[in-house]
Every structure is written in C-alpha cells, then in structure tokens.
2 protein chains.
Amino acid sequence: MTDRLGGGVRRKRPTMRDVAREAGVALRTVSRVVNSDPTVGAHLVSRVQAAISALDYAPDERAQQLRRGTSGTIGAAVRNLADAHPVLSAVDMASRSHGLAVLAMSTEDDEAREREAVMSMCGRRVDGIVIEPIGTSHDYLSAELAGGLPLVAVDRPCGGVEADAVLSDNAAGIGMAYRQLSVHGHRRIAYIGDDERIFTGRERAAAFRACVAASGGPLSGMVHPGVVTSSRVASALASVLSGPSPATALITGNVATTIEALRYLGADAGRLALVGFDDFTLADILRPALTVVAQNSAEIGRTAIDLLTARAADPGRPVQTVTIPVELIARGSGELPPPV
Amino acid sequence: MTDRLGGGVRRKRPTMRDVAREAGVALRTVSRVVNSDPTVGAHLVSRVQAAISALDYAPDERAQQLRRGTSGTIGAAVRNLADAHPVLSAVDMASRSHGLAVLAMSTEDDEAREREAVMSMCGRRVDGIVIEPIGTSHDYLSAELAGGLPLVAVDRPCGGVEADAVLSDNAAGIGMAYRQLSVHGHRRIAYIGDDERIFTGRERAAAFRACVAASGGPLSGMVHPGVVTSSRVASALASVLSGPSPATALITGNVATTIEALRYLGADAGRLALVGFDDFTLADILRPALTVVAQNSAEIGRTAIDLLTARAADPGRPVQTVTIPVELIARGSGELPPPV
DNA sequence: ATGCTTCGGGATAACGTTATCCCACACTGA
DNA sequence: TCAGTGTGGGATAACGTTATCCCGAAGCAT
C-alpha cells in the first residue's frame with residue numbers, strides 16, 4: 001500500500017546553500033535574487049543567476065510554502081476523472097489565471113473516498129477546496145471550515161455544514177424541458193433520473209412533479225428516480241412505455257440515464273420524444289440529434305474560483321449559494337411530435 | 001496574475017508543539033504517536049491522541065515531505081482535463097494503491113503550457129511525472145532526468161530525451177482496421193487522421209500506407225493526415241468520396257477525426273464503412289454502431305505507474321518503451337459491405 | 001547492594017526556504 | 001576630521017516536521 005517512492009539513490013538537488021557557495025555570496029542574497037528583491041546590486045545578481053543556471057537550481061516550493069504559510073494550490077475533489085469533466089477544466093483555467101495549481105482527485109462516488117481525498121488535501125494545506133459533494137454529511141469538515149478553509153461545493157451543496165455553493169438551476173432546467181415537450185403536443189411525459197438521495201436527483205424529480213401538477217398532466221407511474229443502472233433504466237422505460245396509455249415523451253435526469261435510455265431504445269429512439277438533462281459531446285451526432293438542457297460548466301468553474309478567492313480574502317463573509325442558469329438546446333429529439 | 005490566496009486572517013492551525021503542550025509531553029513523543037512508533041507506552045499514546053482530537057490536529061504534509069525528502073505525489077501532465085480521460089483515471093487508481101496522490105494539470109495541447117506545468121511539478125518536488133507529451137523537444141527536462149526524476153511518457157514518446165514510454169500498438173491497430181474492411185470486401189479504403197508532426201498521426205498514417213502497399217490497393221488521394229478541424233476533415237472526406245472511383249470505406253485516426261467525419265456524413269453515415277481509432281463512450285449507440293480500434297487505457301495507466309515506481313527504485317535501469325496491445329471491437333460500421 | 005542491560009521518552013539538530021535584525025561600508029555636510 | 005545617513009548584504013531565527021543522540025529509570029543477575 002504505502003510504499004512511497006524513493007528507494008533508489010536519486011541525486012540530491014542543489015539547494016540555495018549550494019548556489020550561495022557557488023556564487024560566493026550569502027544564503028540570504030540568493031533568496032533575494034530568486035525573489036527579485038531590488039536591493040541587490042546588478043553584478044551580484046548576474047553572478048548569482050550564473051550560479052543558478054550552472055547548478056540547474058530550482059527552488060523547493062514546499063519549503064517556500066512552509067515558510068510563507070500559503071501553498072498556492074487548490075484541491076478539486078470531483079466524482080470522476082475518467083469521464084468528461086468540463087467543470088474541472090474550467091476550475092483549472094480559472095486557477096491558473098490566479099497563479100494557483102489544482103490538485104485534482106477523484107472520489108469515485110464513494111463517501112469514504114471523498115473524505116480521504118479531502119483530508120489528504122487538508123494535509124497538504126491547500127489554500128482552498130472545490131468539491132463535488134457525494135456524501136450526505138460533511139461535518140468532518142466543520143473543524144476545517146471553522147478554521148477558515150475556503151470550500152466551495154459544486155453541482156450539489158454540502159450536507160450538515162455551511163459552505164459556499166455553485167449550483168445549476170435544476171428547477172428551471174426541468175421546466176424548460178417540460179415546456180418544450182408540452183409545446184410540441186405531449187401530454188403524457190415521463191421522467192427517469194437519479195436517486196432522490198442525491199441532491200440533483202431530488203431537485204429534478206421534485207421540479208418534474210411540480211411541472212406535471214401545474215399542467216394537470218398524468219403523474220402516476222411517470223416518475224422514476226433511482227440508482228442509475230442499465231437494468232433499472234431499462235425496466236423503468238419498459239413500464240413507462242407499456243400499458244393502455246404509454247408515455248409519448250421522456251425527460252432523463254442526467255447523462256448516464258440519457259445514455260442508458262438511448263441504449264435501451266436502440267433503433268426505436270426516433271419514436272419517443274426525449275430531452276436529456278446535461279449536454280455531452282456527441283449529442284448532436286445521434287439520430288435524431290438530442291435535445292438537452294445544458295449546464296454552463298465554464299461559468300460554474302469560474303464562479304467557484306471567484307467564491308474561493310473571495311472567502312480567502314474575507315473568511316468572515318456570509319455563506320453564499322450561486323445559481324447558474326441553464327439553457328435548452330433544441331436539436332430534434334425533443335421536438336418530435338407525439339404519435340397520432 | 002499571481003495574487004496567491006490568503007489575504008484574510010485564517011486562524012492558524014495547531015501544530016505538533018501545541019499538541020505536545022496540551023498533552024504535557026515532549027514534541028518528539030507526539031511525532032512518535034503520529035507515526036505509530038511502537039516504543040511509546042499505552043497510556044501516553046491515549047493521552048496524546050486525546051490532545052490531537054481535542055485540538056483537531058492534522059500533520060502538515062509539506063513539513064513531513066520536506067523532512068522526509070519525498071513528496072508522495074506524482075504529477076500528471078495531460079493534454080486536456082475537459083474530455084474523457086481514461087488514462088488519467090487509471091493513473092489515479094494505480095497511484096492510490098501505492099499511497100500516492102496525483103497532481104493533474106492540463107497542457108491544452110500547448111508546448112509552453114506543457115513546460116510550465118512540468119516545471120511547476122518539479123518545483124513541488126513530485127516523486128515522478130506521467131506526461132502525455134505535446135512538444136517535440138523536451139530537452140528542458142534533461143537536467144531533471146539526469147538528476148533521476150522518474151518520468152514516463154504516455155501515448156507518445158518524448159522528443160530529444162531518453163525516457164520511459166508506454167505506447168499503444170498503433171501499427172497493429174491500423175492493421176486490424178484495414179484487415180477488417182478488406183475482409184468485408186473493401187478495396188478502396190481511405191484514411192483521415194492527425195497531423196504527421198504528431199507522433200501518433202505519423203505512426204498511424206505510415207501504418208496505413210504500409211497496409212495499402214501490402215494489399216496492392218489504391219493509394220493516391222486516399223491518405224489525409226493533417227490538423228483536425230471541422231473544415232479540413234470535411235474537405236478531405238468530400239475529396240475521398242468524389243471522383244470516378246470513390247472510397248467505399250474509411251479509417252479515422254483519432255476520436256476527434258471520427259466525430260468530425262460522423263458530423264459531416266450525418267444521415268449518410270450508413271453508406272460508408274467506417275473504423276475509428278480509439279473508442280469512446282457513445283460509440284455503441286450510434287446508428288450504425290461504430291466499429292473501433294480500442295486502446296487499453298487501464299493497462300496503459302497501470303503500466304505507466306509500474307515504470308515510474310521501477311525507475312524510482314532503480315534510477316540506473318535502462319530506458320524502456322512498452323507497447324500495449326489494442327483491440328478491434330466490431331459493432332457494425334466496419335462490417336458494412338461496399339455498395340454494389 | 002551493585003553493576004549491567006533494556007527501554008521509554010526528552011533535547012536538539014536538521015530539511016530548504018524567507019524575514020528580521022543588524023553591521024559594515026561608502027557618502028555627505030560642517 | 002568626525003558625526004550623520006542611507007544602503008547593500010550577511011547572521012540567524014523561524015516555518016512544522018522527523019531523526020539522531022542521549023539520559024534516567026526500571027529490571028535482572030550476581
């Protein structure tokens with residue numbers, strides 16, 4: 001397990017002391033040159049720089065961090081590193097523009113893993129954490145938060161602790177999807193999505209129920225939240241499409257569900273109107289092309305970093321939840337008419 | 001730019017010294033308890049642990065790293081954090097099982113960015129680096145490599161320096177694709193892929209030419225390497241499909257090309273036999289489902305970490321290039337017959 | 001009772017930086 | 001010539017750990 005690297009005899013790196021000796025100056029002078037302190041004479045500067053490049057010296061950031069008290073790194077605990085992750089990418093970009101590096105770790109949708117990752121980041125004394133929370137309770141973080149750790153939840157709020165959050169406007173998104181299908185003549189609309197123990201699953205399912213209630217459509221047997229597995233989506237879909245008055249349209253609550261639904265429908269995909277929550281790369285290539293509610297990942301990432309820096313500057317500021325608008329992208333599948 | 005966080009008054013964290021004072025023991029004893037040194041008496045251990053949890057103490061890993069001389073972190077410089085990145089995910093998994101964390105940074109296919117990212121990792125004294133090289137020359141790394149930095153190139157080799165590498169068997173993959181199309185009756189097979197300045201683009205185009213030569217098929221106008229843009233793929237495809245004897249089958253050299261080709265073909269996708277290099281999530285949902293040459297990302301990631309740890313253990317070992325087999329997954333698009 | 005071993009645990013010096021002090025040197029003005 | 005004034009640059013003490021020593025007390029045999 002913990003075999004950490006370094007068995008071999010890796011040549012030790014030159015330190016500031018070595019540079020000082022090489023240049024024939026004091027340690028502190030090298031530090032001054034490295035930090036471009038203007039109080040160093042020009043020819044001393046060049047002598048030190050010569051020594052630096054002669055020895056291939058590069059400062060040890062860990063020592064700098066330790067001394068300075070700041071790490072220049074923010075942690076990003078995301079659900080998954082394998083799938084496309086536009087938010088992580090946006091976080092990376094925004095961080096870079098602040099001179100910060102991103103320590104990305106995946107939580108694999110596992111509560112223990114999440115905790116492990118976050119604690120490891122704390123141990124590394126990151127200057128802040130962006131988290132896509134998976135666990136329902138994050139009170140293990142309360143000590144850190146009380147200590148002033150800037151933490152921003154993305155996509156879902158943290159449970160049990162007060163923390164800044166950036167969320168998508170789930171209710172509005174479901175509303176857009178529902179309206180689009182209604183406008184195109186659908187009355188019997190079904191929803192399949194994530195487990196309601198998950199925040200987004202809960203919000204989206206609730207929003208869907210509200211839409212149905214508001215429009216007076218049929219509700220019973222039309223809402224299928226639950227863990228997203230191939231078989232569960234398949235059976236939910238089968239039940240929704242069978243019986244005397246089957247659904248003519250479907251809203252899927254996340255990418256995984258959308259894909260499983262498409263897999264199940266196969267060549268019959270064109271028979272059922274479909275709007276998926278969340279966009280993905282190939283949605284425009286499918287036949288019919290997929291109508292989606294797209295989240296603004298770039299904006300989410302940027303906002304997360306903004307909140308992080310704001311809290312770092314003022315740990316006492318009130319906790320804030322920012323909701324980012326979503327957008328309906330009509331590509332065809334959501335505009336299919338109901339069968340006559 | 002470099003505004004680093006920390007403007008606010010973040011409460012300072014408890015240190016080992018604080019714990020020692022709280023528990024009424026010596027500093028060193030706390031360290032012993034933290035590192036579970038067996039030479040500490042049981043009741044002292046519990047007293048120290050009580051103090052630790054009373055103060056919410058967590059050791060500063062940076063100080064540990066500084067003192068121990070090893071960082072427990074490996075850097076991963078990958079082209080892109082936004083797209084699906086199964087190799088990064090595999091690297092993350094494999095690292096975790098070694099007790100290592102992964103510092104992931106994206107290079108955005110930019111040579112300067114790559115250098116910046118790698119140098120930043122070196123400054124953080126990572127124990128090793130996994131890199132998906134983008135630049136053609138990596139001699140800025142020669143000093144680090146000479147110093148014993150374990151570095152493994154993934155997907156493409158580094159240029160100008162000797163370093164371990166894990167590559168996919170590009171030639172075999174193109175061979176499989178070509179054979180599959182031949183077996184299904186195609187004679188006029190075209191190839192569109194990445195720029196030949198890029199290693200994989202070069203290897204795959206060369207392998208394709210070799211296949212054509214070996215089978216005695218037509219070559220002229222059939223090979224289109226170049227930068228992958230929507231317009232270039234479109235015009236290449238148009239040229240390949242026009243004229244008196246158009247191609248009846250196509251091999252695409254990477255995911256981006258595959259997707260652009262599908263976008264261009266639109267509803268006509270079923271008319272052209274197609275095999276894509278590299279698999280992706282929705283390939284099985286397309287109509288017709290896409291036949292691909294799949295790389296073994298999990299194996300690539302695992303092997304990279306293996307090479308890394310091996311070099312860390314023995315910096316003097318010979319540089320090694322490992323080739324990972326690829327696999328043809330027939331889903332339909334590559335098994336379409338030529339039009340009669 | 002005394003000498004020897006064993007073993008728990010405390011000072012203290014690193015690790016590679018930066019920040020605080022403080023001194024030595026040149027320069028100016030009377 | 002001497003006091004006053006910057007000013008470049010060197011010792012040295014942190015930052016929060018761990019490793020090396022070393023000491024005091026207890027256990028054992030004689």
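Note that this is a predicted model, so its numbers are computed, not measured. So you know, we letter chains A, B, ... as the sequences are listed, proteins then strands, and number each from 1.
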Kindly write out the residues that satisfy side-chain hydrogen bond (donor to acceptor under 3.5 Å, both in side chains) with Q65(B), not counting sequence neighbours, or none if the list is empty.
-> none

Angle of first-five versus last-five pair axes in the helix from dA1(C)-dT30(D) to dA30(C)-dT1(D), to 10 degrees | 60°

In residues 28-56 of chain B, what residues come within less than 4.0 Å of DNA chain D, judged by heavy atoms?
-> R28(B), S31(B), N35(B)

Between residues 15-27 of chain A and DNA chain C, which residues have a heavy-atom gap below 4.0 Å?
-> T15(A), M16(A), R17(A), L27(A)

For D56(B), check side-chain hydrogen bond (donor to acceptor under 3.5 Å, both in side chains) against everything at least two apart and list the hits.
-> none

Please list, chain by chain and in numerical order, all residues satisfying side-chain hydrogen bond (donor to acceptor under 3.5 Å, both in side chains) with R17(A), sequence neighbours excluded.
-> none

State whether the number of non-hydrogen atoms from other residues, nucleotides or ligands found under 6.0 Å of R317(B) atom CZ is greater than 12.
-> yes

Where chain A begins and ends its contact with DNA chain C, read 5' to 3' at 4.0 Å from heavy atoms = dG16(C) to dT20(C)

S36(B): side-chain contact (heavy atoms from CB on, under 4.5 Å) partners, not counting sequence neighbours | none

Report yes or no: is the cationic atom of R13(A) (NZ for Lys, CZ for Arg) closer than 6.0 Å to the six-membered ring centre of Y57(A), at no more than 45° off its axis?
-> no

Applying side-chain contact (heavy atoms from CB on, under 4.5 Å) to L66(B) and not counting sequence neighbours gives D60(A), A63(A), L66(A)

Any pair counted as salt bridge (Lys or Arg N to Asp or Glu O under 4.0 Å), so long as it reaches residues 130-142 of chain B, sequence neighbours left out = R79(B)-E132(B)

Give the intermediate values and the outcome of side-chain hydrogen bond (donor to acceptor under 3.5 Å, both in side chains) for residues S71(B) and R62(B).
-> CA-CA 8 Å; S71(B) 71; R62(B) 297 170 302 178; over 6 Å; no

Passes side-chain contact (heavy atoms from CB on, under 4.5 Å), V78(B) versus T107(B)? Steps please.
-> CA-CA 6 Å; V78(B) 298; T107(B) 60; over 6 Å; no

Please name all residues satisfying salt bridge (Lys or Arg N to Asp or Glu O under 4.0 Å) with E116(B), sequence neighbours left out, ordered by chain then number.
-> none

I'd like a table of donor-acceptor pairs (distance under 3.5 Å, sequence neighbours excluded) in which one partner is a side-chain atom from residues 157-166 of chain A, with atom names and distances.
residue: D164(A); atom: OD1; partner: R311(A); partner atom: NH2; Å: 3.3
residue: D164(A); atom: OD1; partner: Q320(A); partner atom: N; Å: 2.8
residue: D164(A); atom: OD2; partner: R311(A); partner atom: NE; Å: 2.6
residue: D164(A); atom: OD2; partner: R311(A); partner atom: NH2; Å: 3.3

